[in-house]
Protein chains: 2
Amino acid sequence: MPVSITDVARAAGVSASTVSRALRGRPGVSDEVRTQIAAVAAQLGYTASRSASSLASGRTYTIGVVAPYIGRWFFGTVLDAAEQVFSAAGYDVLLYNLGSAEARKRFFTKLPVRKRVDAVLSLLIPDEDESAALRSLGVPLASTVGGARPGFTVVGIDDRAGAESAVRHLVNLGHRRIGMISGASGPLHWTTPVDRRAAYLHVLAEAGIEHDPALVADGDYTVDGGERAMTELLAASRPPTAVFAQSDEMAMGALRALRRHRLRVPDDVSVVGFDDHELADVVGLTTVAQPVAGQGAEAARMLLRQLDEPDAEQPPGRVEMPIRLVLRETTAPPRPRGPQ
Amino acid sequence: MPVSITDVARAAGVSASTVSRALRGRPGVSDEVRTQIAAVAAQLGYTASRSASSLASGRTYTIGVVAPYIGRWFFGTVLDAAEQVFSAAGYDVLLYNLGSAEARKRFFTKLPVRKRVDAVLSLLIPDEDESAALRSLGVPLASTVGGARPGFTVVGIDDRAGAESAVRHLVNLGHRRIGMISGASGPLHWTTPVDRRAAYLHVLAEAGIEHDPALVADGDYTVDGGERAMTELLAASRPPTAVFAQSDEMAMGALRALRRHRLRVPDDVSVVGFDDHELADVVGLTTVAQPVAGQGAEAARMLLRQLDEPDAEQPPGRVEMPIRLVLRETTAPPRPRGPQ
DNA sequence: CTGTTAGCGCGTTCAT
DNA sequence: ATGAACGCGCTAACAG
């Protein structure tokens with residue numbers, strides 16, 4: 001049933017090699033024969049078997065993408081952009097969703113991408129062992145998250161600067177009791193929450209504000225988690241007048257919690273997010289914008305470049321993308337209060 | 001560098017055939033030898049080449065997933081759920097993002113999945129030709145969108161019933177001027193907007209309300225499109241007092257437009273969406289909930305079943321998932337007005 | 001410019 | 001229970 005290269009060769013009256021050369025645009029085939037073969041192949045509906053082709057050539061024309069989630073806006077958007085760049089260049093994308101610990105472990109022990117991909121794009125931050133496992137594949141590696149690490153080209157943003165601009169914005173508005181909804185969860189070697197937390201502490205110190213541990217809660221990077229965290233913060237003996245959420249999704253959860261507590265934003269509590277989620281504008285969320293799709297596309301391009309010029313210069317270890325604070329309607333000066 | 005089956009065979013002092021049998025759990029290997037081989041393989045970090053293995057066996061252990069978008073919540077969520085089911089069963093996922101017309105055309109003419117996948121899950125609705133192309137692959141097919149069609153197992157919802165419940169809700173609240181933000185865009189053979197539109201017209205007729213074409217606008221299934229559509233509806237000589245948006249994302253765009261026009265929801269205008277987007281709850285959106293992740297997982301399971309029992313009964317052509325109207329805070333009776 | 005010859009690494013007979 | 005031989009479909013190296 002499936003038509004093979006020899007079928008095409010026979011129908012066109014040439015050898016299999018010639019068909020192979022003709023269809024892949026390699027030199028050594030007369031234009032006449034080439035177009036003839038193309039016609040026959042099209043008519044027969046022939047497509048080269050990727051398995052056979054990569055077995056013979058060693059190239060797979062496939063990129064492996066590993067992600068911790070797909071459904072979440074950030075990762076879906078990065079993946080979408082990267083996939084477009086890859087497929088436009090003729091590469092297929094093998095997707096690995098490593099959300100659960102089991103899936104993640106299974107992936108890194110069995111390493112199913114071995115001999116199956118020409119490069120790997122990681123949307124998650126591998127720990128030391130995982131990182132070594134990926135390097136052992138012997139293919140170009142890139143990532144859109146975390147800091148620089150050996151063997152990877154990392155396209156990212158300056159998390160500290162971004163978080164600082166958010167918190168500083170709140171300080172400048174006159175807030176003193178500033179809470180944070182962090183995203184620290186699990187031993188995922190995720191430097192993002194660490195950096196953003198450090199930035200938060202730094203700005204507070206800079207402004208001479210004493211850090212109150214009761215004003216920090218974990219939101220797990222989800223809407224529900226953000227809601228829980230905000231609820232927790234509101235239960236503090238002296239609740240915050242402003243909150244920095246480490247992601248827009250958690251910020252939106254916070255907004256929901258505030259609404260349920262009949263608190264007004266920004267009159268009673270100011271909220272700043274991080275990401276500039278597609279829907280941040282809908283709820284009027286002030287946030288730190290980062291080029292999410294841009295990072296996915298750029299990382300993909302970096303990989304393709306390494307694939308095209310294997311012996312070129314060392315690729316840059318880190319590419320920094322721009323960020324900016326977007327002011328909307330969830331932040332304002334604190335409401336004047338009685339002495340306390 | 002890459003370790004092959006013969007390397008393992010040599011190290012274990014057996015033949016390649018035995019290694020192959022042992023590692024795949026086929027009968028004909030003594031337990032002693034089997035565990036010994038497993039140990040050697042693990043120590044050498046051996047993984048069978050998928051290319052070679054599928055070339056020899058004909059099975060690829062790979063599922064092709066084609067989608068019109070990935071970044072959008074609906075598709076990302078379906079993909080996420082499906083991927084988890086596939087990978088838990090030992091299958092890899094090849095992802096094709098066919099958002100642009102070129103990408104789509106390229107995919108269906110070249111059909112790069114040929115001989116590369118054991119099954120295909122479609123998150124888009126193929127037209128007749130595309131559908132035939134997929135069938136020509138000779139592998140099980142499933143889809144999470146659109147109506148029943150030959151060769152596919154379609155896991156979906158009753159779009160008409162869902163849309164009817166939304167519009168009927170508005171009618172029951174007493175609204176008479178009910179607008180719709182539709183999602184009809186392009187020649188994508190997308191029956192969803194058609195079905196939802198028919199339901200809208202049906203309920204209006206049922207309630208004895210005359211249809212006013214000025215109250216329907218296209219929102220292109222995006223937030224921005226929804227905002228534009230709502231703005232358009234508000235410009236009508238007699239604007240609607242309630243709006244049914246065919247997706248939550250468009251509904252959120254509508255909410256944004258209303259806020260910009262200083263109109264209050266639901267006091268001035270009621271809004272109903274469709275999907276129960278992750279963030280619908282945050283903005284208090286009344287909507288028709290559908291089990292999005294559930295559909296992805298179920299479709300994946302249907303495919304795996306066909307793969308496991310190739311000669312079983314014909315799989316069901318269509319599986320219907322439950323929907324329900326979720327009442328939140330964006331709908332209310334129309335405000336009493338002066339005579340008009 | 002084109003055909004012939006060898007594998008790529010594995011699964012699958014068929015012997016033993 | 002195990003091994004040898006063959007072929008999956010294609011690309012690469014070598015002839016001509």
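Reminder, nothing fancy here: chain letters follow the sequence lines and each chain counts from 1.
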Less than 4.5 Å apart, side chain to side chain, heavy atoms only: is that true for [X] and [Y]?
X	Y	result
A:R50	A:T60	no
A:R149	A:V154	yes
A:S136	A:R114	yes
B:R59	B:D118	yes
B:L79	B:L95	yes
A:Y96	A:R106	no

Original post:
Taking all non-hydrogen atoms of both residues, which atom of A:L303 and which atom of A:V120 are closest, and how far apart?
Top reply: CD1-O, 3.7 Å
Phosphate OP1/OP2 of [N]: any [X] side-chain N/O under 4.0 Å:
X	N	answer
B:S20	C:dG11	yes
B:S15	D:dG3	yes
B:R26	C:dG11	no
A:S57	D:dT11	no
A:S51	D:dG9	no
B:Y46	C:dC10	yes
A:S49	D:dC10	no
B:R114	D:dG9	no
A:R50	D:dC10	no
B:S4	C:dC8	no
A:T18	C:dG3	yes

Integer-rounded Å distance: [N] [atom2] and [X] [atom1]:
X	N	atom1	atom2	value
B:I5	C:dG9	CD1	P	11 Å
A:R10	C:dG3	CZ	P	14 Å
A:R34	C:dC1	CZ	C1'	11 Å
B:D7	C:dG9	CG	P	9 Å
B:I37	D:dA1	CD1	P	13 Å
B:L44	C:dG9	CG	C1'	16 Å
A:L23	D:dG9	CG	C1'	14 Å
A:L55	D:dT11	CG	P	11 Å

Subject >> Check ion pair A:D7-A:R10 (N to O, under 4.0 angstrom) >> reply: yes
**OP:** Taking only Lys NZ, Arg NE, NH1 and NH2, and the carboxylate oxygens of Asp or Glu, determine whether A:K105 and A:E102 approach each other closer than 4.0 Å.
**Re:** no
Could you write out each protein N or O paired with an N or O of nucleotides 14-16 of chain C at a distance under 3.5 Å?
none

Original post:
For A:T6 and B:V33, take the nucleotide of DNA chain D holding the closest heavy atom to each; which residue's nucleotide lies nearer the 5' end?
Top reply: B:V33
Subject >> Donor/acceptor link under 3.5 angstrom from A:S17 side chain onto base of C:dT4 >> reply: yes
Side chain of [X] only, please: which of [options] is the nearest?
X	options	answer
A:R24	C:dG9, D:dT11, C:dG3	D:dT11
B:S53	C:dG11, D:dC8, D:dT11	C:dG11
B:A56	D:dC10, C:dG9, C:dG3	C:dG9
A:A52	D:dC8, D:dC10, D:dA5	D:dC10

